[in-house]
Amino acid sequence: MSERFVTRAAAEADLLAAAAFIAERMPQSDDRSEAISAVVPRFLARGEVDLAAGLADTVDDPHVRDRLLIAVAAKCAELDDDEYAMQIADAIEEYGLQSQAREAIALIKAGKGDLQKAREIAAEVLHPDEVLAGIAVKQAESGDEDAATETLASIDYPSSSAAALMAMAAMRLAKDDHLKAAEYLESAASLGLEIEHEEERIRVLTDIGNAFIDAKRGDKAIETFERARVFAEELDNVHRDALIAAIAQGLMRAGSVDLADRTLDAVADKTQIANTLLGFAREYWRRDEKDEALEALDEAYEVLRSQKDTETRDSKAKYVLFGSIAAQFAGFEKGERAIEIAEAIDDHDYSMSALSQVAQVLTARGSDEQAEQAMRAIGEPYDRMIAMIGMSDAAKRESRDELAITLLNDAVELAEEVPQLTARANAVIEAAKRLRALRQDARASETASAALGFIADIRGESSRAIALANLSDLQENADTPLPESDAEALRQILAQNRM
């Protein structure tokens, strides 16, 4: 691999170029593919498609290479360089992925209103139904209902037609045209019944049922959910319980508590039962039925806690759900209970994650003392840093900028206690990005400089390149000069690298 795309001079002036400089000089490996995958999307965001294409083409892993080239082709289509987009698509080796690239280009053309070009490219796609659906949606958006109907009729796969009709319904709902939205959804439901694959048919009907709720047609929602339930109860595979649970939640949202409860009775897996009860609790709370909400949430926790290891199909899903239940207790003004549940999770990592979620919810609710209690229960400095950053996000969403800034500064101060250099650097970078968003430019620059110092100590080339790519998000563009101290630190980092 003799050709190099990034010079040392370019790398010394631009953090993203520095990341690419390191990545392209690495020997072929999964780590190199990961590093190139971190820089290519960022060059595309800058519009540097030639450089992105060149770097993508140096990846030995054909699947990673082709995926990156699909992204390049899509960017070219966004920039209306259709000829280059098709050239990139043609360079993709795997035939199915090559077709996906053409599909992505055609969908972008449809979204931009160039329907003729979209149809031309669709003719070269293995399964053009998704493109035709995109064209139909664009036609409906522009008010050409007849053309949209004609395009929908040309689609072979009913799932694609149903998805297009749901998108068209969503556009109508955005304009408060509930009547027309419901008409689209009725057509989508009819098509959904024609889907041959059982699980997909059930999922599509469930999605349509939820869309009917948004269209304020609870009667149609219940009718659609009931159709989906009949199909789901006939299943005899691992997907059955999850699908029935989703239908039960839909029925609750549609306003039929009795049907929702009866549907939930058909679910055997306790994780799915608990997840559905969590959904019920949220719906009760939305209706301001707080006692019922807390009762349902308590039941969700007890059901999940009663699940034995021999009954557990997916331990990860179970632990994640414990965290969601804990966070919901915090949302329901039960902070102490939330912390107690999070701390009781058997798996340490999931327990820390749950405490972080709880701390964020409590921050959003203004329960700062309890939020700090949850955060202090997190033992590892890195996990506590991530929690603080999340709490800062929650504070910012509530327009509590002063608290958000304080939390970010506290997180940065904690960085020196994080032993893992890569984790330390990336957490500090995330803090710097948020400080910049809070208009703390001087502090953001100071924090970014600290991150650069941490990156210099990272030994792995891939981790170093990815961290530099992440840090480059703070540099406005390649022409923005780095402070001299940062430029010198970057030169020292590059000096560690192979030529």
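Small disclaimer: the values here were computed from a predicted structure and weren't measured.
Inter-residue side-chain proximity for Leu490 and Asp486 is flagged as unmet; no heavy-atom pair is nearer than 4.5 Å. A 4.5 Å side-chain heavy-atom check between Glu199 and Leu243 finds at least one atom pair inside the cut-off. Looking at heavy atoms from C-beta onward, Glu183 lies out of side-chain contact with Leu165 at the 4.5 angstrom threshold. Inter-residue side-chain proximity for Gln116 and Ile135 is flagged as unmet; no heavy-atom pair is nearer than 4.5 Å. Residues Leu16 and Arg46 have side chains in contact (heavy-atom distance under 4.5 Å, counting atoms from C-beta outward). Inter-residue side-chain proximity for Ile455 and Ile429 is flagged as met; some heavy-atom pair is nearer than 4.5 Å. For the pair Leu452 and Leu15, the minimum side-chain heavy-atom distance is below 4.5 Å. Using a 4.5 Å cut-off on side-chain heavy atoms (C-beta onward), Arg119 and Thr151 make contact.
Other residues, nucleotides and ligands contribute at most 12 non-hydrogen atoms within 6.0 Å of the NE2 atom of His127. Other residues, nucleotides and ligands contribute at most 12 non-hydrogen atoms within 6.0 Å of the NZ atom of Lys396.
Rounded to the nearest 0.5 angstrom, Leu107 CG and Arg102 CZ are separated by 14.5 Å. One finds the SG atom of Cys76 at 5.5 Å from the CD1 atom of Ile88 (value rounded to the nearest 0.5 Å). The CD1 atom of Ile222 sits 13.5 Å away from atom CZ of Arg227, with the distance rounded to the nearest 0.5 Å. To the nearest 0.5 angstrom, Ser256 atom OG is 6.0 Å from Asp258 atom CG. Taking CD1 from Ile22 and CD1 from Ile493, the interatomic distance works out to 7.0 Å, rounded to the nearest 0.5 Å. Remark: Asp57 CG to Leu68 CG distance equals 10.5 Å, nearest 0.5 Å.
The backbone N or O of Tyr157 sits less than 3.5 Å from a side-chain atom of Asp129, completing a donor-acceptor pair. No donor-acceptor pair closer than 3.5 Å links the side chain of Ser463 to the backbone N or O of Gly460. In this structure, Asp114 contributes its side chain and Ala110 its backbone to no donor-acceptor pair below 3.5 Å. Although no hydrogens or angles enter the test, the distance criterion places no donor-acceptor pair under 3.5 Å between the side chain of Ser160 and the main chain of Asp156. Between the side chain of Lys112 and the backbone N or O of Glu78, at least one donor-acceptor pair lies under 3.5 Å. Side-chain N or O atoms of Lys220 include none that pairs as donor or acceptor with a backbone N or O of Glu186 at under 3.5 Å. Panel note: side chain Glu12, backbone Ala18; no donor-acceptor pair is recorded below 3.5 Å. When atom types are taken as modelled, the side chain of Asp66 and the backbone of Glu94 share a donor-acceptor pair closer than 3.5 angstrom. Judged purely by atom type and a 3.5 angstrom limit, Thr149 uses its side chain to pair as donor or acceptor with the backbone of Glu145. Remark: side-chain polar atoms of Ser37 are paired, donor with acceptor, to backbone N or O of Ser33 under 3.5 angstrom.
Across Leu494 and Phe21, no two heavy atoms sit closer than the pair CD2-CD2, 3.6 Å. Between Ala245 and Thr276, the shortest heavy-atom contact is CB-OG1, 3.1 Å. When all heavy atoms of Pro27 and Glu461 are compared, the pair lying nearest together is CD-OE1, 4.4 Å. When all heavy atoms of Ser392 and Leu408 are compared, the pair lying nearest together is OG-CG, 3.2 Å. Shown here for Leu297 and Ala281, the closest heavy-atom pair between the two residues is N-CB, 3.9 Å. Closest approach of Ile121 and Ile105 over heavy atoms only: CD1-CG2, 3.6 Å.
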### Message
Run the salt bridge (charged side-chain N to carboxylate O under 4.0 Å, His left out) test on Glu200 and Arg203 for me, step by step, so that the C-alpha distance in whole Å, both residues' side-chain angles and the decisive distance to 0.1 Å come before the verdict.
### Response
CA-CA 5 Å; Glu200 185 173 11; Arg203 289 190 185 98; over 6 Å; no
### Query
Between Ser356 and Gln360, does a side chain to side chain donor-acceptor pair (under 3.5 Å) hold up when you go through it step by step?
CA-CA 6 Å; Ser356 180; Gln360 292 173 48; 3.2 Å; yes
#### Entry: Verdict with reasoning, Asp393 to Arg397, per side-chain contact (heavy atoms from CB on, under 4.5 Å)
CA-CA 6 Å; Asp393 289 342; Arg397 285 193 296 272; 3.8 Å; yes
### Task
Walk me through it: do Leu51 and Val6 pass the test side-chain contact (heavy atoms from CB on, under 4.5 Å)?
CA-CA 9 Å; Leu51 179 53; Val6 181; 4.3 Å; yes
### Message
What verdict does the side-chain contact (heavy atoms from CB on, under 4.5 Å) test give for Leu79 and Tyr84, after you've listed the backbone C-alpha separation in whole Å, the side-chain angles of each residue and the deciding distance to 0.1 Å?
### Response
CA-CA 10 Å; Leu79 298 173; Tyr84 192 26; over 6 Å; no
### Query
Hey, mind stepping through Asp81 and Lys75 against side-chain contact (heavy atoms from CB on, under 4.5 Å) and telling me if it holds?
CA-CA 9 Å; Asp81 193 349; Lys75 184 64 178 183; over 6 Å; no
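Side-chain atoms of Ser99 and Glu103 include no donor-acceptor pair closer than 3.5 Å. Of the N and O atoms on the side chains of Gln249 and Arg253, not one donor lies less than 3.5 Å from an acceptor on the other residue.
Taking 4.0 Å as the cut-off between side-chain N and carboxylate O, Asp61 and Arg67 do not count as a salt-bridged pair. Under 4.0 Å is where a charged nitrogen must lie from a carboxylate oxygen, and between Arg313 and Asp241 at least one such pair does. The pair Glu24-Arg4 does not count as a salt bridge, with every side-chain nitrogen at least 4.0 angstrom from each carboxylate oxygen. One finds a salt bridge joining Arg434 and Glu430 here, because a Lys/Arg side-chain nitrogen approaches an Asp/Glu carboxylate oxygen to under 4.0 Å. Classification of Lys138 and Asp144 as a salt-bridged pair fails, no side-chain N sitting under 4.0 Å from a carboxylate O. A salt bridge links Arg286 with Glu283: the closest approach of a Lys/Arg side-chain nitrogen to an acidic carboxylate oxygen falls below 4.0 angstrom. Look at Asp60 and Arg65 and you find no salt bridge, because none of the NZ, NE, NH1 or NH2 atoms lies under 4.0 Å from a carboxylate O. Between Asp177 and Arg172 there is a salt bridge, since a side-chain N of the basic residue sits under 4.0 Å from a carboxylate O of the acidic one. A salt bridge does not link Asp80 with Lys117: every distance from a Lys NZ or Arg NE/NH1/NH2 to an Asp or Glu carboxylate oxygen is 4.0 Å or more. Arg32 has no carboxylate O lying under 4.0 Å from a charged side-chain N of Asp30, or vice versa, which leaves the two without a salt bridge. Of the charged side-chain nitrogens involved, at least one lies within less than 4.0 Å of a carboxylate oxygen, so that Arg436 and Asp441 count as a salt-bridged pair. In summary, Glu226 and Arg229 engage in a salt bridge, as defined by a charged side-chain N under 4.0 Å from a carboxylate O.
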Give every donor-acceptor pair under 3.5 Å between a side-chain atom in residues 317-326 and any protein atom, sequence neighbours left out.
from   : atom 1 : to     : atom 2 : distance (Å)
Lys318 : NZ     : Gln307 : O      : 3.1
Ser324 : OG     : Val320 : O      : 3.3

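In this structure, Arg201 satisfies the cation-pi test against Phe231, with its NZ or CZ atom closer than 6.0 Å to the six-membered ring centre and inside 45 degrees of the ring normal.
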